[in-house]
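Sequence lines set the chain letters: A, B, ... in the order given, protein chains first and strands last, and positions in each chain run from 1.
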Amino acid sequence: MRIALLGFGSVGQGIVRSILAKDLDITVTGLADSRSGIIDAGGVDLAAALARKEQGEPCGDPGISPTDVVERAEYDILIEVTPTNVETAEPALGYIRGALRRGRHVVTSNKGPIALAYPELRTLAEENGVFLKYEATVCGAIPLIHAIQEGIAGNAITRICGVFNGTCNYILTRMAAEGLTYEQALAEARDLGYAEADPTYDVEGIDAGIKLVILANTVFDMDTTLDDVERTGITLLSPEALQLAEDQDCTIRLIGEIIPRVGVLRVSPRIVAKTHPLVVEGTLNAVTVETDLAGDLTFIGKGAGSTETASAVIGDLLYIQSRHVQGS
Amino acid sequence: MKLEMRDQPGQLVAALKPISAVGGNIIAVIHQREATTAAEALDVQIVLELPEGRLERLLELLREQGVNVVRIGEERLLYECTLIVIGHLMHTDLSDTVNQIDRTGSSEVTELSMVMPAISSPSSARITIRSTTRAEMKRAIQILRAVAEQKELLIIEPLEDA
Ligand SMILES: NC(=O)c1ccc[n+]([C@@H]2O[C@H](COP(=O)([O-])OP(=O)(O)OC[C@H]3O[C@@H](n4cnc5c(N)ncnc54)[C@H](OP(=O)(O)O)[C@@H]3O)[C@@H](O)[C@H]2O)c1
């Protein structure tokens with residue numbers, strides 16, 4: 001199976017390391033970062049590309065652009081793992097459209113295109129007879145979308161609620177455990193690389209909100225945008241509030257909730273009993289899916305990380321391989 | 001409200017029909033072994049919601065069914081919900097916020113614990129509301145949400161079963 005890889009950062013390198021470490025029958029015929037690209041039908045020398053990247057150099061030839069890779073490389077599946085843009089989804093959206101139009105499958109970890117343009121992209125994929133997969137866009141390593149679309153197909157889902165953002169969960173865990181203020185816990189999260197210099201996207205619940213939009217639009221066929229999400233972040237939480245919750249054997253977590261029947265999409269801090277399965281520690285994610293046949297199912301796992309996110313991307317890749325590409 | 005009866009064979013089933021006949025809504029059925037009675041009889045409590053003015057009719061129907069009601073507890077505020085509110089609670093007149101809920105007549109703030117770290121910084125409070133029905137509880141929370149928006153308070157609601 002031949003793949004082209006766009007984006008060679010944390011997730012892209014995680015995918016390449018896994019390909020190098022395992023016998024997955026995957027050949028990379030195209031690779032690009034923001035400044036360069038490689039097209040090689042015989043297979044890119046991944047170890048060398050990785051070494052260049054680790055030296056801080058571009059991965060390939062500055063004369064080859066990501067668009068060149070999308071349009072000219074010979075691949076079965078495009079892996080799109082470039083940065084998220086929640087306003088326009090570009091340039092990723094253009095890359096994905098380009099690959100689908102060429103009749104190539106696409107696997108992405110990028111929330112932008114899926115949150116903003118899923119109906120269009122799905123139609124484009126269907127018209128071209130290819131798959132569009134996006135497991136890694138929601139809760140990193142947790143195979144939530146696969147579980148919903150395959151494992152519990154046939155169930156009616158009455159509610160999904162969960163911890164969709166590891167940064168917020170880390171901050172709240174630390175505020176509860178150590179009585180830290182929000183600012184202190186945020187500073188700690190930054191030091192550990194769990195929070196960005198500008199943490200707005202995480203702490204205001206935008207990231208969690210986008211994941212709800214993705215779930216709503218893909219597994220519930222709703223047509224929602226971030227504006228449809230009732231959203232409250234964690235920036236105003238006080239250590240006293242966490243103590244008041246603690247006094248009743250409860251804690252506070254940032255919870256994303258979808259109730260499809262009434263169209264509720266909500267991200268807000270909530271009081272949760274400490275024994276509740278959604279109360280996970282640190283940067284973990286946890287999601288409960290409430291169904292009619294299967295009852296409640298709770299998934300817990302790493303929502304981010306290089307190899308963890310690569311795991312979800314590779315799962316999608318092998319899914320497509322087993323159903324479609326095999327023998328080609 | 002609460003109805004208590006002896007758990008004799010058939011009594012529970014006989015009691016349930018009249019309750020639905022008068023439009024009542026059963027919230028819980030609790031079996032309780034009463035330590036004080038010499039006999040090892042079980043007590044059954046039925047916790048239910050009843051539309052106004054239907055109690056007499058219900059008791060009549062129960063008597064007809066041969067159900068022996070031992071005690072009627074008029075616990076009006078059956079639903080409880082605890083929330084946390086953060087903001088400048090004193091500056092924005094906390095008692096007015098509480099009054100807006102109490103004024104409904106069907107919901108009450110039954111407990112309030114407040115922590116004020118420093119005069120200028122926001123305080124945090126845990127508020128317990130009790131209501132007569134689930135719908136009234138929703139209404140009380142709506143009131144609190146509206147007040148919070150107006151007074152720029154952050155409300156943290158519990159994550160409850162759907
Ligand atoms: N990291 C996670 O744990 C995680 C989890 C779930 C989902 N995701 C999503 O996965 C995607 C990748 O995340 P990441 O953490 O790997 O990001 P990252 O470390 O910032 O890497 C992004 C990569 O994309 C390249 N790039 C930037 N602009 C590009 C462009 N216009 N065309 C082609 N390549 C471009 C960058 O090039 P340079 O190397 O030249 O800068 C870099 O190699 C994001 O959409 C993210 O939201 C990440």
Side-chain angles (χ1 to χ4, degrees), chain A residues 156-163 172 175 179 181-183 205 230 232-262 264 266-279 286 288-292 295-296, chain B residues 79-92 94 97-98 101 107 109-131 134-135 137-162:
Chain A
I157 296 174
T158 45
R159 179 165 78 156
I160 294 181
C161 52
V163 171
L172 295 175
M175 287 177 73
T181 64
Y182 165 75
E183 287 76 15
E230 192 189 319
T232 307
I234 62 164
T235 56
L236 298 176
L237 288 187
S238 60
E240 295 81 24
L242 280 144
Q243 186 58 49
L244 286 167
E246 176 81 30
D247 293 345
Q248 302 210 314
D249 289 324
C250 291
T251 190
I252 297 174
R253 287 292 192 258
L254 186 72
I255 300 290
E257 185 179 26
I258 304 180
I259 309 176
R261 187 178 50 82
V262 286
V264 166
R266 184 175 177 200
V267 174
S268 55
R270 304 284 279 271
I271 303 170
V272 193
K274 279 160 74 183
T275 52
H276 196 287
L278 290 180
V279 177
T288 298
V289 183
E290 298 177 6
T291 72
D292 59 346
D296 291 0
Chain B
Y79 290 91
E80 188 184 280
C81 178
T82 298
L83 307 93
I84 291 173
V85 183
I86 305 174
H88 291 284
L89 299 174
M90 296 314 280
H91 298 211
T92 58
L94 183 63
T97 309
V98 170
I101 291 170
S107 296
V109 172
T110 57
E111 242 188 276
L112 193 107
S113 327
M114 185 154 70
V115 189
M116 286 179 289
I119 310 250
S120 56
S121 47
S123 35
S124 304
R126 190 178 59 225
I127 297 182
T128 300
I129 300 174
R130 296 183 69 94
S131 302
R134 205 183 284 272
M137 178 62 79
K138 269 203 178 140
R139 208 176 116 206
I141 293 174
Q142 285 306 338
I143 292 172
L144 201 57
R145 280 192 189 182
V147 170
E149 185 147 338
Q150 190 197 337
K151 298 184 176 177
E152 293 181 13
L153 308 175
L154 169 66
I155 320 183
I156 306 168
E157 294 175 39
L159 177 66
E160 283 170 331
D161 296 340

Heavy atoms from other residues, nucleotides or ligands near CD of B:Q142 exceed 12 (cutoff 6.0 Å): yes

When rounded to the nearest 0.5 Å, the distance separating CD of B:E157 from CD1 of A:I255 is 12.5 Å

Can you check side-chain contact (heavy atoms from CB on, under 4.5 Å) on B:L159 and A:H276, steps first, answer last? CA-CA 10 Å; B:L159 177 66; A:H276 196 287; 4.1 Å; yes

Against chain B, label A:A273 side chain, backbone, both or neither, depending on which of its atoms sit under 4.5 Å from a heavy atom there. neither

Chain B contact via A:L244 - which portion, at a heavy-atom distance below 4.5 Å: both

More than 12 heavy atoms from other groups under 6.0 Å of NZ on B:K138: no

Top of B:I86, B:T82, B:L83 for chain A proximity - count of heavy-atom pairs under 4.5 angstrom: B:I86

Within a reach of under 6.0 Å around CD of B:E80, are more than 12 heavy atoms found that belong to other residues, nucleotides or ligands? yes

Do A:L237 and B:L154 have side-chain heavy atoms sitting under 4.5 Å apart? yes

Nearest atoms (heavy-atom pairs only) where B:S124 meets A:E240: OG-CB, 3.7 Å

Atom CZ of residue position A:R261 - does it have more than 12 heavy atoms of other residues, nucleotides or ligands inside 6.0 Å? no

Which heavy atom in B:R126 sits nearest to a heavy atom in A:D247, and how many Å separate them? NH1-CB, 3.4 Å

So what's closer than 4.5 Å to chain B heavy atoms on A:R266: side chain, backbone, both or neither? side chain

A:T232 vs B:I155 side-chain heavy atoms within contact, under 4.5 Å: no

Report the distance from atom CD1 of B:I84 to atom SG of A:C250, rounding to the nearest 0.5 Å. 8.0 Å

